[in-house]
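First comes the structure, then the notes that go with it.
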Number of protein chains: 2
Amino acid sequence: MATKGKGTTPRERYRAQVRAEIKERAWEQIAASGASGLSLNAIARQMGMSGPALYRYFASRDDLITELVRDAYRSLADTMRDAAASGADLAGLGHALRTWALDDPQRYFLVYGTPVPGYHAPDDITTIASGIMAALLDAARPAGAPADAAADGPDEARLEAHLAEHREWAADHPAAPPALRRALSFWTRLHGILSLELAGHFTGMGLDPAVLYDTELQQLTRRPAASTSRP
Amino acid sequence: MATKGKGTTPRERYRAQVRAEIKERAWEQIAASGASGLSLNAIARQMGMSGPALYRYFASRDDLITELVRDAYRSLADTMRDAAASGADLAGLGHALRTWALDDPQRYFLVYGTPVPGYHAPDDITTIASGIMAALLDAARPAGAPADAAADGPDEARLEAHLAEHREWAADHPAAPPALRRALSFWTRLHGILSLELAGHFTGMGLDPAVLYDTELQQLTRRPAASTSRP
DNA sequence: CTTGTTCGTTAGAAGTTATAACTAGCAAGA
DNA sequence: TCTTGCTAGTTATAACTTCTAACGAACAAG
């Protein structure tokens, strides 16, 4: 029934378009007042139809939000993939990430923001998330000179040993421990700056987050100090 | 009227105790279902009194939440101050921070989590926040060897120059640019790991966040590589 | 033309925050 | 001691919210 050989029926297209408009309005509301301020009734009002009609298109408010989260993940994954496809290195991915985040802070927070305690993301979302990781790992690979970790301190060596044994998150990606470590730090450090910046914790500090971001990114992508080890 | 020379009136003590119990229940609810799941009615029900009674103690739901945020900030500031007072260095502060965060993730998110777009924190809260910064700056000072930043790349030098000119956030703290930079990275990097860990982004990755945290912390507190500069 | 699915409606249940108006009870002054 | 006044709690109500149920109308296809 649903799909009919060739293309989509007019009904399906109508349905898809209404769903899209609902999500559109939802994004506007989220941008204006956060995910917690999203109101199905308000959306229905804006669209000129009355309340319960939306339940033909989304099973519940949480369902709609989950859909938006999914789209946000997809958008980030696409951004990373596109950047990588056009030849960006790890630094390029870093800039693409920041642009994506600043473009819509609440979308960023839908992905990396405060979780609600009970919630568990559906499997397809975690799949997209590991796709993002894969893009990072790809980009983190080339920068690697072997550069024994021991020179960077005992903890550094311990971490790389740990990563060598626990690489579930890298799926079957063939990245060496130093690349795993680079991708991981790329992720956590840049997220640290971005999330604080987007949450406004830098405002009033009289400090340009871009400078800090670039510096961290540069230190992240610099090849290790060729083991001019210390006594 | 209110304060009466010596101590507090029985009425005031009662009032303070009820306020405290309300906050207690509020924390339980937040731990269980996040700040968005906090319900004044539910609290009133638990306390055996009916709805609107709570409005004698808090002007609004937002007012209660703001109070909780304030307490969370205070708790973090105290934790940092206490650690510093008992002789902890920057690494010690890092561990104290992680312990504090893991002790109550939702409390952490009340401080560093997703902000609601319109909201602006009252002045006294930002004052507490800069107190936290001051504790960080104190601890970040001693580790400093001069170690010219130029050796660490052009962006590193640019950042320290930027910090030298924009030190509003350090109030009139007499820390040198390298210490400012250390405190800043301490903050952003550890927050990056912590917030991802608490949000559950490491679960299923089969990776111990503590190892990653310790490594970052160790790299953060290691004195700079004594300028064995590269060609 | 008839039949079945789908869309949107209104009505209503159960919940929320918050205000208004009222009633007990406590505390302190004349 | 009596009276006055403040405060803590109550119920009632308004204006929301999500979401279910039942119904009507429009559409697509046999």
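Chain letters run A, B, ... following the sequence lines, proteins first, then strands; residues in each count from 1.
The distance between atom CZ of A:Phe58 and atom P of D:dT18, rounded to the nearest whole Å, is 14 Å. Distance A:Leu64 CG to D:dC19 C1': 14 Å, rounded to the nearest Å. A:Tyr55 has its OH atom 17 Å from the P atom of C:dA13, to the nearest Å. Between the CZ atom of B:Arg56 and the P atom of C:dG25 there is a distance of 16 Å, rounded to whole Å. As a whole-Å value, the separation of B:Leu54 CG from D:dG9 P is 9 Å. Rounded to whole Å, atom P of D:dC16 lies 18 Å from atom CG of A:Leu38.
Within the structure, every side-chain polar atom (N or O) of B:Tyr14 is placed at least 4.0 Å from both OP1 and OP2 of C:dA27. OP1 or OP2 of C:dC7 sits under 4.0 Å from a side-chain N or O of A:Arg15.
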Compile the donor-acceptor pairs under 3.5 Å between side chains in residues 81-93 of chain A and protein atoms, sequence neighbours left out, one pair per line.
residue, atom, partner, partner atom, Å
A:Ser86, OG, A:Asp82, O, 3.1
A:Ser86, OG, A:Ala83, O, 3.1
A:Asp89, OD1, A:Ala91, N, 3.4
A:Asp89, OD1, A:Gly92, N, 2.9

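At a threshold of 4.0 angstrom between heavy atoms, the contacts of A:Tyr57 are confined to the sugar-phosphate backbone, with no base atom among them. Residue B:Arg61 is in sugar-phosphate contact alone, with no base atom involved, counting any heavy-atom pair closer than 4.0 Å across all strands shown.
In this structure, A:Tyr73 and A:Ala129 approach most closely via the heavy-atom pair CE2-CB, 3.8 Å.
Residues B:Arg15 and B:Glu12 are not paired through a salt bridge, judged by the lack of any N-O separation under 4.0 Å between the basic side chain and the carboxylate. Salt bridge annotation for B:Arg181-A:Glu216: present, with a cationic side-chain nitrogen under 4.0 angstrom from a carboxylate oxygen.
Listed nucleotides C:dT17, C:dG25, D:dT18 differ in distance to B:Leu40; the shortest reach to its side chain belongs to C:dT17. Out of D:dC27, D:dT7, C:dG8, the shortest distance to the side chain of B:Arg11 is found at D:dT7. Closest to the B:Asn41 side chain, of the nucleotides C:dC7, C:dT16, C:dA18, is C:dT16.
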For A:Leu194 and A:Tyr213, run side chain to side chain contact (heavy atoms under 4.5 Å, CB included): C-alpha distance rounded to whole Å, both residues' side-chain angles, the deciding distance at 0.1 Å, then the answer. CA-CA 8 Å; A:Leu194 274 179; A:Tyr213 192 88; 3.7 Å; yes
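The side-chain hydrogen bond (donor to acceptor under 3.5 Å, both in side chains) pairs that include a residue from residues 46-62 of chain A number zero, where partners must be two or more places apart or lie in different chains.
If you check residues 42-52 of chain B against DNA chain C, the residues with a heavy atom closer than 4.0 Å are B:Arg45, B:Pro52, listed by number.
For the residue pair A:Trp169 and A:Ser130, no side-chain donor N or O sits within less than 3.5 Å of a side-chain acceptor on the partner.
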